[in-house]
Amino acid sequence: MNILKNTFGKEEKLCSEKDIENLYKVGSSFLNHPIVFYYLLMPDLKDTQVLVSVSKKKFKNAVDRNLIKRRLREAYRLHKFALTHKYHLALVYIGNEMLPYQQIERSVTQGLERIAKG
RNA sequence: AAAGCAAGCCGGCUUGUCGCUGUUUGAGAUCGCAAGAUCGAGAAGAGAGGAAAGUCCGGGCAGUACAGAGCACCGCACUUCUUAACAGGAAGGUGCUGUCAGCCUUGGCGGACAGCAACGGAAAGGGCCACAGAAAAAUACUACCAUCAACUUCGGUUGUUGGAAAAGGUGAAAAUGUGAGGUAAGAGCUCACAGGUCUGUUUGGCAACAAAUGGAUCGGGUAAACCCUGCGGACUGAAAGACCAAAUACACCCCAAUGAAACGGCUCGUUUCGCUAUAGGGGAGGGUAGGUUGCUAGAUCCUAACGGUGACGUUAGGGUUAGAUAAAUGACAGGUUAAAACAGAACCCGGCUUACUGGCUUGCUUUUUUC
RNA sequence: GGCGCCGUAGUUCAAUGGAUAGAAUAGAAGUUUCCUAAACUUUAGAUAUGAGUUCGAUUCUCAUCGGGGCCA
């Protein structure tokens, strides 16, 4: 277990525009309120790559968007070993109001388990 | 002490576990003869604001354009100062509003204090001023006065021509106001007092302007509608700009080369295909993904002294590593009586505006208590 | 990050600075009909917000709020 650290470095972030387009076009998706999960199996990857998104229309202030993104990232970081394979993954927050960390964490956990089952 | 108003300042701290982004150091690993290059566990220390916001002004910086001048367009507008610059700021002037006390007196005067002002020109020009009103800028409807004509109940009535701008109470605004003279009736037509505008002189002030005095004049408002005058402005913004550059494709250049296959043991030879082509290799090009740079020490901050009414300036001493790139500060459990508000750097500064928790300091006003 | 544009009834659009902001459609009530539709009559409903200029502001100026657009 010591080898599997709860890190979240640059290699685990999805940055390439082409990969993002491909994920939204080809990848599967489902809703686990208040988060939409997009995922695509990528067996050759070294690490699963993740992006986090919050709509500017739903949250006007940059502070609120940052806080939600931080909570999503934190929840993913602590529970990413639920995944057994490597994926491209997108977490899109579509809720209309701020939720506390515990609810977001529960939603992320359930979503990751569903992806791991296939 | 409490309440209210105004100005200024602060804009949480801290313990533990896990994690993020730079900087410094770095066990060790890989490549290499070496020099060195790449990766890198761990450690140390740093890591959003007073508004980072809105993008409303002004600059730096960068690129493009550019002989000079003018027009157009845009912006600004009392004066002086401040500054890199400004539509910011300081001081002053003028005007308006409010409060207070005073004077004459019943609506004015000058004074103190506070607040506000996009505060050049309407006497360069044309335009507009609804409704109402005779009339909205040099206009004439009623009424007034004079002359003439007609009629006449001899009181006048009606009409023509002319004078006049006093009366009409409508309007947001009515030809400067009051009084007297004057006249056929009237009129700044004349006079006195008061007021406004333009202008000359003297005094004070750097200036705006103020005071005194002389002359001319009485021309409504609107420039935050057009316009005129003066001053300023080239355009575009870090998604600017500079450098390196994978794969693929494209147009260009070079190379191999007396091509390939079949008949045949081989050469020559013959047949077919190709025959200036295609395919292959290489070069260089702009340039995509991506990367490096621009990229954080500055018109910088604090303190003191001096100069200045002040904004601010000068000198001295001290302090000061955020620099990300789908974008770094979070999660959990506590402590601090409570930690809550507005809110997240994106090239950098000076202002303005807007949002806001709790508290501190100073000044003013009111009430209460004690000396 | 930067640059320009626009906010009028529930909706789509008008309105030289000038009377009570107009039209279509949607809504409500009524007439007609056995009932509905259509038609007809009536009615309610708005200048994003706050200041300023002006006698007077949807219009002009400033600030704030909101919406959508362009630049890789």
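Everything quoted here is computed from the prediction, not taken from an experiment.
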Under 4.0 Å between any heavy atoms, over every strand shown, what does A:R65 touch: base, sugar-phosphate, or nothing? Just pick one. nothing
A side-chain contact here means heavy atoms from C-beta on lying under 4.5 Å apart; do A:R114 and A:K117 qualify? no
Answer for the Watson-Crick or wobble partner of B:rC356, both distances under 3.5 Å, is none
With syn meaning chi within 90° of zero and anything else anti, the base of B:rG359 is anti
Write down the distance between CG (A:L89) and C1' (B:rA326), rounded to a whole number of angstrom. 15 Å
Closest-nucleotide 5' rank along RNA chain B - winner of A:R71 and A:V52: A:V52
In the structure shown, which nucleotide is the Watson-Crick or G-U wobble counterpart of C:rU64, with both distances under 3.5 Å? C:rA48
Where the side chain of A:L67 is defined as all heavy atoms beyond and including C-beta, which of B:rC332, B:rG330, B:rU329 is the nearest nucleotide? B:rG330
Does a salt bridge link A:E74 with A:R77, judged by any charged N lying under 4.0 Å from a carboxylate O? yes
Is any side-chain N or O of A:Q102 closer than 4.0 Å to OP1 or OP2 of B:rA331? no
Considering only the P atoms, how many Å lie between C:rC55 and C:rG66, rounded to the nearest integer? 35 Å
Give the rounded distance in Å between these two atoms: CZ of A:R73 and P of B:rA326. 12 Å
Validation row: A:L91, A:F37 side chains within 4.5 angstrom (heavy atoms): yes
From CG of A:L78 across to C1' of B:rG330 the rounded distance in Å is 10 Å
So, is A:R77 near the phosphate of B:rC18, with a side-chain N or O under 4.0 Å from OP1 or OP2? no
Rounding to an integer number of Å, can you tell me how far A:R70 CZ sits from B:rG344 P? 12 Å
Measure from the side-chain heavy atoms of A:Y101 and tell me the nearest of B:rC332, B:rG344, B:rA327. B:rC332
Sorted by position of nearest nucleotide on RNA chain B, 5' first, the leading residue of A:E105 and A:V63 is A:E105
Closest non-hydrogen contact found for A:V54 with A:R65 is O-CD, 4.1 Å
Any idea which of B:rU329, B:rG344, B:rC18 is nearest the A:E74 side chain? B:rC18
Under 4.0 Å between any heavy atoms, over every strand shown, what does A:Q49 touch: base, sugar-phosphate, or nothing? Just pick one. nothing
Please give, in whole Å, the distance from B:rA331 C1' to A:L72 CG? 13 Å
Distance, rounded to the nearest Å, where A:N66 contributes CG and B:rU21 contributes C1': 14 Å
Under 4.5 Å between any side-chain heavy atoms of A:L112 and A:L89, yes or no? yes
If you measure from the P atom in B:rA185 to the same atom in B:rA172, how many Å do you get, rounded? 38 Å
Which atom names give the shortest non-hydrogen contact between A:K86 and A:L41, and what distance separates them? O-CD1, 3.5 Å
If I take atom CZ in residue A:F81 and atom P in nucleotide B:rC18, what distance separates them, rounded to the nearest angstrom? 15 Å
Whole-Å distance between B:rG344 C1' and A:I68 CD1? 14 Å
Separation between the C1' atoms of B:rA224 and B:rA87, rounded to whole Å: 15 Å
